[in-house]
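On a predicted model such as this, the values are computed, not experimentally measured, just so you know. Throughout, protein chains are lettered first and strands after them, A, B, ... in sequence-line order, and every chain is numbered starting at 1.
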Amino acid sequence: MPELPEVETIARGVDERLRGDRIETVWFSEKPEPFNSPPQLMAKELHGRRIDRVHRVGKHIVFDLADRPASSQGLQWIVHLGMTGRLLVADPATPLPPHTHAVLQLKSGRELRFVDPRRFGRMALHGVSPKKTKPKRFQGTGQEPLSISPDEFAALFRPRRTSIKAALLNQKLLHGVGNIYADESLFRAGIRPRRMARHLKRAELDRLHASLQSVLSEAISLGGSSVSDYVDAAGVAGFFQLEHRVYLRTGQPCLVCGTPIRRMVLAGRGTHYCPHCQR
DNA sequence: AATGAAACCTGACAGC
DNA sequence: TGCTGTCAGGTTTCAT
């Protein structure tokens with residue numbers, strides 16, 4: 001469900017509520033899908049740790065965990081929410097929602113819950129060192145859209161022999177951009193999603209760089225987009241869906257020129273654009 | 001090497 | 001009511 005602004009909102013919410021708290025018990029469901037690390041190992045490593053900080057890298061939520069004596073250094077717990085994953089800080093008295101796959105009970109008396117109906121989400125340990133090598137901090141898969149410079153942005157996309165939309169969704173280039181913000185940033189930059197990345201002029205790449213950063217920043221300030229069921233760590237919806245200009249607006253008039261918004265399938269994803277404003 | 005399509009899952013909704 | 005088809009915020013795997 002979540003792209004960069006939603007993941008950022010959730011990570012900030014969890015950080016505010018759980019920083020400094022300690023993990024006392026760990027429960028994982030029987031379903032194997034959500035786990036990239038063996039659940040037993042994950043439970044053993046998480047138990048007793050203090051949460052130093054929670055932050056976002058790409059679409060991943062990263063928990064920095066305090067070191068324990070006689071244990072691996074710099075351990076991180078990585079959570080990816082997939083399409084429908086939620087991370088909720090809740091009172092234990094609140095009934096567990098269906099499709100709850102992980103519950104961490106904390107010293108403060110609160111619970112951290114991972115809920116994911118479609119089970120595309122994943123969680124894993126990072127920095128466990130059976131090989132005794134110095135663990136690297138989790139870096140994600142690509143570059144950060146919010147801090148990349150126009151020059152780096154152009155260098156990243158100029159050589160790509162695919163559509164600009166597919167390139168924006170490629171997490172090895174930029175990480176964090178998903179379907180909503182790809183469509184919205186292309187609209188604001190006036191670029192057709194099907195245009196080949198390598199054929200874009202530098203001025204167009206600069207416009208896209210600027211519109212992507214402003215769309216993402218604006219969305220973060222509004223708490224993300226709640227299209228069907230997205231909520232932040234406290235269960236509160238975001239408001240950026242009210243600012244969408246093309247995403248899921250098929251057939252409705254373009255807010256700039258009135259032309260009906262079109263939908264097509266590109267890179268396997270529903271793609272929304274204005275045939276008049278985007279060239 | 002790189003690209004697109006299919007697969008992985010469940011739920012909501014429209015239409016019959 | 002209930003069935004079928006479509007669509008959904010993502011990523012990985014398998015053919016080209």
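Side-chain contact of S221(A) with E218(A): a donor-acceptor pair under 3.5 Å is absent, judged by distance alone. Side chain to side chain, T25(A) and Q105(A) meet the donor-acceptor criterion of an N or O pair below 3.5 Å. Inspection of the R160(A) and T162(A) side chains reveals no N or O donor paired with an N or O acceptor under 3.5 Å. A donor-acceptor contact closer than 3.5 angstrom is absent between the side chains of E3(A) and Y230(A). A donor-acceptor contact closer than 3.5 angstrom is absent between the side chains of K172(A) and T141(A). Side-chain contact annotation: T84(A) with D116(A), donor-acceptor N/O pair under 3.5 Å present.
Using the six-membered ring where Trp is involved, H101(A) and F114(A) have ring planes that are tilted, between 30° and 60° apart. Using a 30° and 60° split on the angle between ring planes, Y247(A) and H244(A) fall in the perpendicular class, above 60°. Using cut-offs of 30° and 60° for the angle between ring planes, the F138(A) and H60(A) rings count as perpendicular.
F120(A) does not qualify as a stacking partner of the dT11(C) base, lacking a centre-to-centre distance under 5.5 Å together with planes within 30°.
With dT11(C), dT3(B), dG11(B) as the choices, the nucleotide that has an atom nearest any side-chain atom of P117(A) turns out to be dG11(B). Closest contact between the side chain of H99(A) and the listed nucleotides dT11(C), dG11(B), dT3(B) involves dG11(B). Picking from dG10(C), dC9(B), dA8(C) the nucleotide with the shortest atom distance to the side chain of R119(A) gives dC9(B). In the set dT11(C), dA8(C), dG4(B), the nucleotide with an atom closest to the side chain of R263(A) is dA8(C).
The distance between atom CD1 of I164(A) and atom C1' of dT3(B), rounded to the nearest whole Å, is 15 Å. Distance CE (M264(A)) to P (dA5(B)): 12 Å, rounded to an integer number of Å. Rounded to a whole Å, the CD atom of E6(A) is 9 Å from the P atom of dG10(C). Rounded to a whole Å, the NE2 atom of H175(A) is 11 Å from the P atom of dT11(C). What separates CZ of R86(A) from C1' of dT10(B) is a distance of 13 Å, to the nearest Å. M196(A) has its CE atom 13 Å from the C1' atom of dA2(B), to the nearest Å. As rounded to whole Å, 17 Å separates atom P of dA2(B) from atom CG of L169(A). To the nearest angstrom, C1' of dA1(B) lies 13 Å from CG of N170(A).
Residue R269(A) places none of its side-chain N or O atoms closer than 4.0 Å to OP1 or OP2 of dG4(B). Of the side-chain N and O atoms in Q171(A), none sit less than 4.0 angstrom from OP1 or OP2 of dG10(C). Listed pair R122(A) / dT11(C) fails the phosphate criterion, with no side-chain N or O lying under 4.0 Å from OP1 or OP2. Contact annotation: R118(A) side-chain N/O to dT11(C) OP1/OP2 distance is not under 4.0 Å. Distances shorter than 4.0 Å separate none of the side-chain N or O atoms of T84(A) from OP1 or OP2 on dG11(B). Distances shorter than 4.0 Å separate none of the side-chain N or O atoms of K172(A) from OP1 or OP2 on dA2(B).
The gap from the P atom of dC14(C) to that of dC9(B) amounts to 14 Å, rounded to the nearest Å. Nucleotides dA1(B) and dT11(C), compared at atom P, are 23 Å apart to the nearest Å.
Scanning residues 239-249 of chain A for heavy-atom distances under 4.0 Å to DNA chain B yields an empty list.
With W77(A) as the partner, the side-chain contact (heavy atoms from CB on, under 4.5 Å) test is satisfied by one option alone out of L46(A), V62(A), I51(A): L46(A). A side chain to side chain donor-acceptor pair (under 3.5 Å) with D64(A) holds for exactly one of Q76(A), R49(A), R19(A), R50(A); it is Q76(A).
As judged by a 4.0 angstrom heavy-atom cut-off over every strand, S163(A) is placed among residues making no nucleic acid contact.
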Checklist line | Nucleotide-level pairing of DNA chain C, given in dot-bracket where Watson-Crick and G-U pairs need both distances under 3.5 Å and | marks other strands | finding: .|||||||.|||||||

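Hydrophobic clustering, with ILVMFWY side chains joined whenever heavy atoms are under 4.5 angstrom apart, keeps F187(A) apart from I180(A).
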Note to self: Could you walk me through whether K165(A) and D183(A) satisfy the side-chain contact (heavy atoms from CB on, under 4.5 Å) test, starting with their C-alpha distance in whole Å, then the side-chain angles of each, then the deciding distance to 0.1 Å, before giving a yes or no?
What the structure shows: CA-CA 8 Å; K165(A) 162 107 184 215; D183(A) 281 6; 2.6 Å; yes

Could you list the protein-to-nucleotides 12-16 of chain C atom pairs, N/O on both sides, closer than 3.5 Å?
none

